[in-house]
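Notes follow the structure.
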Amino acid sequence: MTKVITYGTFDLFHEGHYRLLQRAKELGDYLIVGVTTEGYDQSRGKLNVIDSLITRVENVRKTGFADEIIIEESQGQKFRDIKKFQIDIFTVGSDWAGQFDYLNDYCKVVYLERTKDISSTMLRTQNKHI
Ligand code: C2G
């Protein structure tokens with residue numbers, strides 16, 4: 001069984017998030033999705049997240065792509081999760097290309113093409129929530 005993991009904030013859940021999770025699921029048989037805490041997002045400079053953690057988890061759950069949802073609380077957790085859950089593939093959007101290459105020592109790293117013309121930042125700016 002191929003186990004895949006991905007992470008994100010998933011604020012104001014949109015098509016870009018949906019397509020990322022859909023393709024992540026297609027990479028393997030079992031998908032784990034890590035959803036960030038507000039504290040972790042603040043520590044990495046994401047200060048304007050609108051949806052609560054519970055709402056963001058629920059939106060990921062509703063896609064039906066995640067076999068398991070975990071909470072990401074800190075930098076460094078990815079490495080520990082990959083060992084703990086015996087992950088085969090770590091994946092994330094291409095806006096992060098190159099930044100997680102260090103995880104190649106522990107599993108395969110796949111950057112999926114980011115969906116164009118949609119982002120949480122754009123929706124926050126336009127106040128257009130879907
Ligand atoms: N994404 C995408 N297309 C978009 C917007 C986002 O493919 N138009 C992808 C991102 O590349 C990421 C996932 O959707 O893989 C979640 O995006 P965010 O909620 O912005 O989360 P992010 O800050 O990228 O978290 O530990 C956190 C992760 O490293 C990434």
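Each ligand, and each atom within it, is numbered from 1 in the order the structure gives.
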Open item on the list: Closer than 4.0 angstrom, basic N to acidic O: yes or no for Lys46 and Glu38?
Closed with: no

Open item on the list: If we count only N and O atoms by modelled type, under 3.5 Å, do the side chains of Tyr111 and Asp101 hold a donor and an acceptor together?
Closed with: yes

- [ ] In plain terms, say whether Arg114 and Asp95 are close enough for a salt bridge, that is, a side-chain N and a carboxylate O under 4.0 Å apart.
- [x] yes

TODO: Return a yes/no value for Ser94: is any of its N or O atoms, backbone included, closer than 3.5 angstrom to an N or O of ligand 1?
DONE: no

Task: Evaluation steps, side-chain hydrogen bond (donor to acceptor under 3.5 Å, both in side chains), between Thr115 and Arg19 - done: CA-CA 8 Å; Thr115 302; Arg19 291 192 65 241; 2.8 Å; yes

- [ ] Identify, for atom 13 (C) of ligand 1, the protein heavy atom at the shortest distance, and state residue, atom and that distance.
- [x] Leu20 CG, 3.9 Å

Open item on the list: Tell me the protein heavy atom at minimum distance from atom 24 (O) of ligand 1, and give that distance in Å.
Closed with: Trp96 NE1, 2.8 Å

Task: Shortest protein contact, atom 21 (O) of ligand 1 (heavy atom only) - done: Thr9 N, 3.2 Å

Task: Per-atom contacts, ligand 1 versus Val92 - under 4.0 Å to a heavy atom - done: 15 (O)

TODO: Give a yes/no on ligand 1: does Arg44 have at least one heavy atom closer than 4.0 angstrom to it?
DONE: yes

Task: Min N/O separation Ser120 to ligand 1 under 3.5 Å - done: no

Open item on the list: Whether Lys3 and Asp67 form a salt bridge (side-chain N of Lys/Arg under 4.0 Å from carboxylate O of Asp/Glu) is what I want to check.
Closed with: no

Open item on the list: What I'd like to find out is whether the side chain of Ile32 reaches to under 4.5 Å of the side chain of Val4, using heavy atoms alone.
Closed with: no

TODO: Could you tell me which atoms of ligand 1, counted from 1 in the order shown, lie closer than 4.0 angstrom to a heavy atom of Glu72?
DONE: 26 (O), 27 (C)

Open item on the list: Among His17, Gln75, Gln99, Arg23, which one puts a heavy atom closest to atom 17 (O) of ligand 1?
Closed with: His17

Open item on the list: Any nitrogen or oxygen of Phe10 lying under 3.5 Å from a nitrogen or oxygen in ligand 1? Just yes or no.
Closed with: yes

Task: Option set Lys78, Glu15, Lys116, criterion heavy-atom distance to atom 29 (O) of ligand 1, minimum - done: Lys78

- [ ] Output the list of atoms in ligand 1 that are nearer than 4.0 Å to some heavy atom of Ile118, sorted by atom number.
- [x] 4 (C), 8 (N)

- [ ] Apply side-chain hydrogen bond (donor to acceptor under 3.5 Å, both in side chains) to Thr9 and Arg44, showing your working.
- [x] CA-CA 11 Å; Thr9 305; Arg44 65 192 186 114; 3.0 Å; yes

Task: Sub-4.0 Å heavy-atom approach of Arg19 to ligand 1 - done: no

Open item on the list: Using the ring centroid of each side chain, check whether Tyr18 and Phe13 are separated by less than 6.0 Å.
Closed with: no

TODO: Output the distance between atom CD (Gln77) and atom OH (Tyr7), rounded to the nearest 0.5 Å.
DONE: 6.0 Å

Open item on the list: Give me the residue, atom name and distance of the protein heavy atom closest to atom 5 (C) of ligand 1.
Closed with: Arg114 NH1, 3.2 Å

Open item on the list: Closer than 4.0 Å to some heavy atom of Tyr7 - which atoms of ligand 1 meet that?
Closed with: 25 (O), 26 (O), 27 (C), 28 (C), 30 (C)

Task: Heavy atom of the protein closest to atom 15 (O) of ligand 1 (residue, atom name, distance) - done: Gly93 N, 2.9 Å

- [ ] Report the nearest protein non-hydrogen atom to atom 11 (O) of ligand 1: residue, atom name, distance rounded to 0.1 Å.
- [x] Asp95 OD1, 2.6 Å

Task: Nearest-neighbour protein heavy atom for atom 20 (O) of ligand 1, which is reported as residue plus atom name and distance - done: Lys46 NZ, 3.3 Å

Open item on the list: Can you confirm whether the side chains of Thr36 and Asp41 place a donor and an acceptor under 3.5 Å from each other?
Closed with: yes

Task: Electrostatic pair Arg61-Glu58, nearest N-O below 4.0 angstrom - done: yes

